[in-house]
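Let me begin by presenting the structure, written as structure tokens, before commenting on it.
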Amino acid sequence: MNLAEDPKDDQPFRMADVIYPDWPPPLEVEPQPEPARPSKADPFANAWTADRLMAEQFAPPRWAVPGLIPEGLSLLAGAPKAGKSWLALNLALGIAAGASVLGEVAVDAGQVLYLALEDTPRRLQSRMGKILGDAPAPAGLTLLTEFPTLPAGGADAIRGWLDTRRNARMVVIDVFAKMRGTSPPGVNPYDADYAAMGRAKRIADDYGIAVVLVHHLRKMAADDFTAELSGTNGIAGAADTIMALKRPRGEADGVLHITGRDVDEAERAMRFDATNGTWALLAGPAVDHTLHRTRAAILAYLRQCPGATPKAISDALGEDRDTIRRTCTRMADDGQLRRRDGGRYFPADSSTVPGVPESQPLL
């Protein structure tokens, strides 16, 4: 019987196929060493001992405006149309020209970057013309009305500008809301505010200059003016210096409230001259320049609402609560008001209130 031919019959017989069926053996791979783990930074590498820290000699902070704006991150806040942009432009022009600012403060000349993000070139030209008068415009002031947000390339662009200008002294961002960028989803408001401020603060710290953020105040008054800043406490917590400009609508005089890590807490009276667009510091305590108008407003309110507390008066008039409290105390000492238990105030009899007629108009 014919059998079908097996194709294997043509293959030569090899003893190795029987004895070593897995021949040739697989190649042996030499074990590779594990990659070295990066060494962790020593958190104590920059630690100080108290004696070494006290013996160290540090350079004094650089001031953009002595006594007012040191190097670091500063907030300049105010209500809409209070004049904060006029004030920022006054300071920028003065520093860029090396001229006195605020009528009396000498500054060192240096280059300034001003991001006027709520203005147009035409409006900036008009305002600078009013402030400068016959003085030449300083070449050391760079102005832009459009700019990317800090997280979208704006921070790197500012750093690039500073890298080529070793004499730069100040960067103004007007207003901060236009530059902070959007917050990532899911981040709580405090962390978002602190992170947004941190981008600007790192620029100030890395280059040793003043970065001034123009910001807004809330409408609600508070005992502490820093609590009136728009946003969470992350805004105030990240700033090195906080300035709040308060000026009643239609009034020329205002008060600049100042606090910070390198500045003395103070209140400085200021006056805005609308004819030339300039701000100037006034001599003496701030309350002396707002006393007459404030006293009249307090007395007018108490005639409508006798027995009100300083808090109620402050909320009704939209004035600083501490100023109202001090003024009520002084008016009581001067015989213009009567103070009762619980801190409630009443108008004194009109015949015993010097200089205030019975027909005092109500606000």
Side-chain angles (χ1 to χ4, degrees), residues 43 69-85 87-88 113-119 144-159 170-207 209-247 255-263 265 267 311 314-316 318-322:
I69 303 177
E71 64 180 68
L73 183 63
S74 295
L75 278 174
L76 173 57
K81 309 301 184 291
K84 54 187 181 295
S85 291
L87 177 56
L113 175 63
Y114 192 112
L115 305 179
L117 304 178
E118 290 189 325
D119 284 316
L144 293 101
T145 57
E146 295 180 359
F147 210 72
T149 63
L150 291 173
D156 290 338
I158 294 173
R159 289 176 180 274
M170 187 169 72
V171 173
V172 179
I173 298 176
D174 185 4
V175 292
F176 178 52
K178 291 270 191 177
M179 283 284 290
R180 62 172 294 167
T182 56
S183 302
V187 178
N188 72 64
Y190 178 93
D191 290 341
D193 283 347
Y194 198 89
M197 293 283 290
R199 295 187 185 97
K201 179 170 171 54
R202 283 191 291 273
I203 296 174
D205 292 344
D206 290 347
Y207 289 88
I209 63 162
V211 174
V212 179
L213 308 179
V214 179
H215 194 53
H216 293 296
L217 292 177
R218 290 196 292 256
K219 292 182 179 179
M220 186 65 67
D223 290 329
D224 184 350
F225 72 88
T226 63
E228 299 178 44
L229 297 172
S230 178
T232 70
N233 287 337
I235 297 288
D240 296 308
T241 303
I242 302 174
M243 298 168 286
L245 177 63
K246 297 186 177 182
R247 179 169 68 106
V255 177
L256 187 67
H257 302 259
I258 310 162
T259 190
R261 299 183 174 105
D262 295 313
V263 297
E265 188 162 330
E267 295 179 354
K311 178 181 183 302
S314 170
D315 291 343
E319 296 285 354
D320 180 76
R321 191 171 298 170
D322 192 49

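When all heavy atoms are compared, the tightest approach of Lys84 to Leu76 is O-CD2, 3.7 Å. Across every non-hydrogen atom of Ser74 and Met243, the tightest pair is CB-CE, 4.2 Å. Nearest heavy atom pair, residue Tyr194 against residue Gly237, reads CE1-C, 4.0 Å. The two atoms that bring Pro70 and Asp262 nearest to each other are CG-CB, 4.1 Å, heavy atoms only. Minimum heavy-atom separation, Val187 to Ala192: CG1-N, 3.7 Å. The shortest heavy-atom contact between Ala238 and Leu73 is O-CD2, 4.0 Å.
Interatomic distance, Glu267 CD to Leu256 CG, rounded to the nearest 0.5 Å: 9.5 Å. Here CD1 of Ile69 is found 5.5 Å from CE of Met170. Values are rounded to the nearest 0.5 Å. Rounding to the nearest 0.5 Å gives a distance of 10.5 Å between NZ of Lys178 and OG1 of Thr145. Note that CD1 of Ile235 is 9.5 Å distant from CD1 of Ile242, once rounded to the nearest 0.5 Å. Remark: Leu75 CG to His215 NE2 distance equals 6.5 Å, nearest 0.5 Å. Atom CD1 of Ile158 and atom OH of Tyr207 lie 10.0 Å apart (nearest 0.5 Å).
Thr259 places a side-chain heavy atom less than 4.5 Å from the side chain of Phe225. Under the 4.5 Å side-chain criterion, counting only non-hydrogen atoms from C-beta, Ile258 is not in contact with Glu265. With a 4.5 Å cut-off on side-chain heavy atoms, Leu113 and Leu144 count as touching. In this structure, Thr241 and Arg261 have side chains that are not in contact, with every pair of non-hydrogen atoms separated by 4.5 Å or more.
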Any chance you could lay out the side chain to side chain contact (heavy atoms under 4.5 Å, CB included) test for Val214 and Val172, step after step, and finish with the verdict? CA-CA 7 Å; Val214 179; Val172 179; 4.2 Å; yes
Side chain to side chain contact (heavy atoms under 4.5 Å, CB included) for Tyr114 and Val171? Distances and angles first, verdict last. CA-CA 6 Å; Tyr114 192 112; Val171 173; over 6 Å; no
Intermediate values then yes/no, side chain to side chain contact (heavy atoms under 4.5 Å, CB included), Glu71 and Ile209: CA-CA 5 Å; Glu71 64 180 68; Ile209 63 162; 5.8 Å; no
Test log, rule side-chain hydrogen bond (donor to acceptor under 3.5 Å, both in side chains), inputs Asp193 and Thr232: CA-CA 7 Å; Asp193 283 347; Thr232 70; 2.7 Å; yes
Using side chain to side chain contact (heavy atoms under 4.5 Å, CB included), reason through Val175 and His216 one step at a time and then give a plain yes or no. CA-CA 8 Å; Val175 292; His216 293 296; 4.2 Å; yes
Would Tyr190 and Asn233 satisfy side-chain hydrogen bond (donor to acceptor under 3.5 Å, both in side chains), going step by step from the backbone distance to the final call? CA-CA 7 Å; Tyr190 178 93; Asn233 287 337; over 6 Å; no
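Side chain of Arg180 to backbone of Ala196: no donor-acceptor contact under 3.5 angstrom is found. A donor-acceptor pair under 3.5 Å links the side-chain atoms of Ser314 to the main chain of Glu319, judged by distance alone. The backbone N or O of Gly78 lies less than 3.5 Å from no partner atom in the side chain of Arg247, so there is not a single donor-acceptor pair.
The neighbour count for Lys201 NZ, taken as heavy atoms of other residues, nucleotides or ligands under 6.0 Å away, is above 12. Annotation for Asn188: atom CG counts as buried by contact number, over 12 foreign heavy atoms lying within 6.0 Å.
Partner of Glu228 under the salt bridge (Lys or Arg N to Asp or Glu O under 4.0 Å) criterion, out of Arg218, Arg321, Lys246: Lys246 alone.
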